[in-house]
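Written below as structure tokens is the structure these notes are about.
Reminder, nothing fancy here: chain letters follow the sequence lines and each chain counts from 1. The structure displayed is predicted, hence computed values, not measured ones.
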Amino acid sequence: MAEPGAFRARLLAFAIRYGFLLLLVGLVLYFSLAAPGFANPRSAVFVLQSVAITGILALGVTTTLVVGGFDLSIGAVATSSLMLAAYSMVVLEQPAYVAVALCLLMGALVGLINGLLIVKCRIPDLLATLGMMFLLIGLQRIPTQGNSIATGMTLADGETAQGSFSAAFLWLGRHRFDLVIERLVPVPVVIFLLIALAIWLFLGFTRHGRLMYAIGSNARATALVGAPVARYKIAAYMISGVTAAIGGVLLAARLGRGDIASGNNLLLDSVAAALIGFAVLGAARPNAFGTAMGALFVGILLQGMTMLNAPYYTQDFVKGAVLVIALMFTFYLSSRRGPSMRH
Amino acid sequence: MAEPGAFRARLLAFAIRYGFLLLLVGLVLYFSLAAPGFANPRSAVFVLQSVAITGILALGVTTTLVVGGFDLSIGAVATSSLMLAAYSMVVLEQPAYVAVALCLLMGALVGLINGLLIVKCRIPDLLATLGMMFLLIGLQRIPTQGNSIATGMTLADGETAQGSFSAAFLWLGRHRFDLVIERLVPVPVVIFLLIALAIWLFLGFTRHGRLMYAIGSNARATALVGAPVARYKIAAYMISGVTAAIGGVLLAARLGRGDIASGNNLLLDSVAAALIGFAVLGAARPNAFGTAMGALFVGILLQGMTMLNAPYYTQDFVKGAVLVIALMFTFYLSSRRGPSMRH
Amino acid sequence: MLALHGLYKAFGANQVLRGVDLTIDAGEVVVLMGANGAGKSTLVKVLSGYHVADDGVMTLAGNAYHPVDARDAIRQGIVTVHQAIDDGVIPDLSVADNLLLDRFASRDHGLWVSARTLRREARQVAEAMGMTLDLDARVAELSVADRQLIGIARALAHSPRLLILDEPTSSLSAAEAERLFNLLDRLREQGVAILYISHRMTDIRRLADRIVCLRDGRVSGMFDQKPLDLPGAVQAMLGQTLEATAIQPVAPGPAVLELHDIVLAPGSKPVSFAVGDGEVVALTGLLGSGMEALVAMLFGQRPLSQGSLRLDGRDYAPNTVSEALARGVFLAAKDRSVNGVVADFDIADNMTLPFLKAFSTGGLLRRSRQRQAATQMIERLGIVCQSPQDAIGTLSGGNQQKVMIGRWLQAPCRLLILDEPFQGVDIGARHDIGRQIRATAKGRATLVCVSEIDEAIEIADRIIVLHEGCIAGEQYNQDIDLGVLAAQAAGHG
Amino acid sequence: ERPAPFDAPEEVSIAVVRYISTGDFFQAYLAGVEAQAEALGVELRVLDSRQDAALQADMVDQAIALGVDGIIIQHGLSESMQEAAQRAIDAGIDVVAFDVEIDNPAIPQIEQSNYLLGELALEQAAADNGDDFTAGYVYVPGIAPLDQRNAAWEDFKAAHPGVTEAAVFGTLDNPIANAVANQARAVIQANPAIDVFFAPYNEFAAGVKIAVDEMGLGEDISIYSADISTSDIAAMREPGSPWAATVATNPTVVGEVSVRTLALLMAGETIESPVIVPPTLITQDFLDDNAIDSMATLSEKMPQFAHAEVALADWLPLPAR
Ligand SMILES: Nc1ncnc2c1ncn2[C@@H]1O[C@H](COP(=O)(O)OP(=O)(O)OP(=O)(O)O)[C@@H](O)[C@H]1O
Ligand SMILES: Nc1ncnc2c1ncn2[C@@H]1O[C@H](COP(=O)(O)OP(=O)(O)OP(=O)(O)O)[C@@H](O)[C@H]1O
Ligand SMILES: [Mg+2]
Ligand SMILES: [Mg+2]
């Protein structure tokens, strides 16, 4: 009687491991058939482009999830970085590299403060980063009294801003590299893929990454083998801050304007991507590959539905439904595999 | 040498216990002096009224935090309830009590599904409720194709909606009870206080509440003393769903219209209130009294700042800053008191 | 190697270490004995850099030693296996990762983790300890014993100057413990200094070169004359002599629990026995003996595969924990930190958790009655604490264990199952608990699962030895031959 | 006979690339676009970027890739849209833009003139309350239409020195009406002198109205706003409602005009940019006098609201009404 049992167990293991990826493939096939124009390289790049910024933020959140934390401030860091980039070029009339450097610095600083609040002051992660979120949402609007930043805007002292988004900066958001087809792959996509690769390698294949996972699972035990737990936690928040700042820079470069209303959905969408990542390859824990797949999944879904002319609210609904069903599937199955998967 | 040490320990204990409440009192005193019109009974009632709905939602989140969970769907449940109430009165032409009953039922059902997803399918809380959030945001817009609901609106079949918000329903949002001053205390405030009282008693003083805290701390151990852990968890999500639905009903009754809204800010504000509650009386864990105080705190802050004509973005900033500082204070101090306080 | 002088440590008003003087030489095993709450683990945590001493001098090989954190201590060659098993393992990582965790934390390790080297090195570490685990398994899936072994194996692989082991055998079987002892022998020969903490006399007899007794935060005795004076050491650590109370087996009343043809392990012979009213039966056996399965069946956590159970003459087939409780079957589970302790609660809430209904009127809990009941139980079991409102996390391990036992002694029951009730309990407290269990045994059947035969003899009227799901021996607790029992447990009966 | 390409309309496809879609205005706009497209018999694709301006620019590229013949850009940021729009022009696609400045001579702008919207409402406020009043102003900077309406307010203040601005407040926290109601109440409490609110966005006005009602000051305070929806009509007509007037263009009409402008452009006609859809003043009295209770009856009773005499041609069929 062992045969069918073993077969079922193998089937189950297969479903847990590849279920989500199969769903993704199925989705792509379905849209390719149902939505004319879906299946072509431009469309694929388009999907990547549409998830690049969310994906970058999601990779940062993943890092904080790995050490058992959570970063609610990423959306606000990204929009702050967007405003800071615009402010430093348009109002302060700085060149592109200064603007980018300032943004990265700001992201690192916010991450450092988040980390210190959590590690030194022992404020629970959700709380510290929620506070930081409100703080940044307010802060980023103070220099311009809540106005968007664009060349020619009137400043508080009555002057008009003379600076502008430099071409080098806009290149970051708008240039496309040739790949087979001319002008195919936009810079943000390349940056997204590079960051995904870096974080995937870092978390999965270096001793630091392994220790970060250990901290997320049992911080005390990790401290007792001599790992600098506090420093790793702070590092995770700094990574998250910097990636969010990169996301903000790319957003600024794509928009060409310091728009205060942009970036509202970044937090929720990137959290969704990171959490969907749990279901990929049956990991049941935060992981960079899963996060990238999660971001891609949401991108493909929205793209496909847009091409099928589905109204915006059905997209939310389907996004939620597919998310719940995919995860039900993975987590339910892996809980059946044995007591190993804990929630 | 024991004397000064003991004194400092007592001072520390006092600061942890009453620091936040002192801050609250200080805030009230400051605004009373700085903002004309702040210190009078009507103003106090206004503050209560403005936090009633967020407060009710926050009390629901608190319940899920107690069992070690988290409910991201409350904002969406509240707006769904808002739309459902409007739909059932305006389109389906049902009386007020049917509308309210439908909303409560919907809230309970969503809570049940959340609970089942978490308990039976083992989906992590954040994930399950995030999925539910997207799902509801989409779902609530499908019946009216994304339109707000109002008497006289044109329906999909070309007819006009004839129903309207009944007076009894509007009473829920608009009636004021006499208390010393005539027409002073609005119904939502009374409902908020009643729910706060009920949840405070339930969590703090009944065996069910105690078991819920036990589940949040060690679910396995609690299961081994015979407590129906799954049922309590589901109950927590159902309480959260129902309170969010009540919040939505009160919102509908206040607005008198079925407006499209995402409820994201409701979510964030009520999460903030529940998390600030950790700092109240040095509890360092979710608790209903703290949540109510947290909601009040945010309400007083916003009311006072608005009266001082502070622009909206400084309000976000100050909200974040005060939140971070208050919590730094509490958590830092309680971590110094000894390892007994865990985060 | 290591010398301590005048070490002080207090937690708030609780002065735990009050001037500890201690030296440990290279190539020596010093056993530290002390009652629960004497301060042993606190001393260990000071040595390993987890706590900072309030006062005192420490020198390591002649140099001042003041570790700032665990990392610093490890770098200076002091490696510790902590008492709490969960402080030694990462549940969500694989066995291999866990075995090499400290190497990841060292700067000497290269940046990259290669799956192949990881596996090879982990296998070496595991084999040194004689472990045959699947290296890819997640540690969360392993038994407590395996988890404890992993923590130990990792520490031993470290070639430390001073190795500290805080109750390393609390969850190990005799065979596993023996493997550990052999390894310690080898390290001792290599000149490693070893500080060993245990409540188990077998361990102490087997390992100790010197015994140091700790009482109320001070060294209360030191024994280095061979043969070591164990009774003297016990007296020094408890401050009183411990009269060996020989058990007088009571005649069992009518059968309360009956097992009929229960299969404990797949393919093994069915088991039948009965436990009578007032009787205390100890079950003992090695890993895989089926004890765990039996407990799970009795407490409604695992369906009966075959056969039947009867309780008070009526059929008994619980499907859930609450069904078991409703029939008056109580279980004090083993592995208290996972299965028992509610860390956020105080003693009173922990103690009364199963009976909250009895402590409430009209739906509301009566705190005063909870406290009253807890205070009584604290007195009955001699739990060392300041008040029933102490957070449970501030108690020493042994005292937490007493709270867990006390939890189930508060209400009368038909069948009381105690699974490893003496885990981490000092010898004096063991007597206290044993006495309490025997004193209250009338009116119920009591089943005690212990892996130490010594412990079985201290408490039971009758001892049943299990081996691979079968009864390998059964004996009344009178004139027992320990050797025979041990042989039966090992399957050579 | 229709000009090419509308002689074979079933082979024509157009796309509307939206920046924002949540809310009645945008929903009604889309309804207008759909109705006019159907009347023309062309295929319509809706690309919705959910307030992601960068995505909106990509969606223009996507529309190009899909081979549509015309594109309507609905809202968005000029900076992010300029290049994408130029790419569409380069691909030989006709483009029109609604309420977003693209700064491209090839792209006709369709506007609902937010400045005019604000100006008309303020003129009514001055007509009702004289040149001396104390105002509360609801404004969130950084949102293009609100910024343009703000310009009207700044000019109005300069022209009416007797008008005091006692407080500026506002928020876009969701649900907006609820959050604004909380703020407005604090503002009234702190500034009892306020007798006029300028709330140039219907969600703001709804919030202020709730606050005024809750404080029982419906007789003492008047609200002037912009935009309108069915539920706003009900709110304005409540007995004792402080909501005195609003100025609005009919979003459905704007949607129709957008498609018609695009069609004219595709048919090769020259378009005078900007194409302005004139706003209409709607007072409480007018609603009461004509017993108007919905957008539908408002359209019946106010022909200039139901239909705009812009972007017309003989061959261009209008949607059935
Ligand atoms: N983190 C802490 N905070 C407060 N009190 C503590 C803490 N850790 C230990 N204690 C107290 O210090 C005393 C000594 O505890 P310790 O754990 O050192 O005992 P032990 O000798 O190891 O006992 P056991 O044999 O039970 O493990 C106990 O009274 C305990 O309650
Ligand atoms: N959940 C399970 N599913 C299948 N087989 C099991 C399960 N649990 C235990 N077994 C098998 O039952 C037998 C008895 O295992 P059990 O864990 O009960 O031993 P034990 O006596 O409790 O050991 P220990 O000394 O570690 O307490 C073993 O052969 C084991 O493989
Ligand atoms: Mg100890
Ligand atoms: Mg076992």
Item checked: B:Thr64 side, atom OG1; B:Leu72 side, atom CG - distance, nearest 0.5 Å -> 9.0 Å
If you measure only the distance, is there a donor-acceptor pair under 3.5 Å linking the side chains of [X] and [Y]?
X        : Y        : answer
B:Thr291 : B:Thr62  : yes
C:Thr80  : C:Asp166 : no
B:Ser240 : B:Asp71  : yes
C:Asn36  : C:Ser396 : no
C:Ser170 : C:Gln423 : no

For the pair [X] and [Y], name the ring-plane relationship: parallel under 30°, tilted 30 to 60°, perpendicular over 60°.
X        : Y        : result
C:Phe11  : C:His51  : perpendicular
B:Phe205 : B:Trp200 : perpendicular
C:Trp408 : C:Phe299 : perpendicular

Margin query: Report which part of B:Ala219 has an atom under 4.5 Å of a heavy atom belonging to chain C: side chain, backbone, both, or neither.
Written below: neither
Next item on the list: Measure distances from B:Tyr213 to the heavy atoms of chain C and classify the residue's part below 4.5 Å as side chain, backbone, both or neither.
Entry: both
Check: Applying a criterion of heavy atom separation less than 4.5 Å, what residues of residues 397-404 of chain C form contacts with chain B?
Finding: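 When heavy atoms of chain B are the reference, residues 397-404 of chain C contributes no residue within the under-4.5 Å range.
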Notebook entry, point to check: Do any of residues 353-370 of chain C have a heavy atom less than 4.5 Å from a heavy atom of chain B, and if so, which, in residue order?
Noted result: C:Leu353, C:Pro354, C:Leu356, C:Lys357, C:Ser360, C:Gly363, C:Leu364, C:Leu365, C:Arg367, C:Gln370
Notebook entry, point to check: chain B: which of C:Val342, C:Leu331, C:Thr352, C:Thr320 shares the most heavy-atom pairs with it under 4.5 Å?
Noted result: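 The residue among C:Val342, C:Leu331, C:Thr352, C:Thr320 with the greatest pair count is C:Val342.
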Next item on the list: Name the member of C:Ile392, C:Asp390, C:Val321 that forms the most heavy-atom pairs with chain B at distances under 4.5 Å.
Entry: C:Val321
Next item on the list: Kindly indicate whether a cation-pi arrangement holds for B:Lys233 with B:Tyr237, taking the cut-offs as under 6.0 Å to the six-membered ring centre and within 45° of the axis.
Entry: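 That pair does not qualify as a cation-pi contact.
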Next item on the list: Answer with side chain, backbone, both or neither: which region of C:Glu323 has an atom nearer than 4.5 Å to a non-hydrogen atom of chain B?
Entry: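 Neither part.
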Next item on the list: Counting only heavy atoms closer than 4.5 Å, note whether C:Asn339 contacts chain B via side chain, backbone, both or neither.
Entry: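 Contact with chain B is through both the backbone and side chain of C:Asn339.
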Margin query: Looking at B:Arg231, I'd like to know if its CZ atom is crowded, meaning that more than 12 non-hydrogen atoms belonging to other residues, nucleotides or ligands lie closer than 6.0 Å.
Written below: no
Next item on the list: Give a yes or no on whether C:Tyr50 atom OH has more than 12 heavy-atom contacts from other residues, nucleotides or ligands under 6.0 Å away.
Entry: no
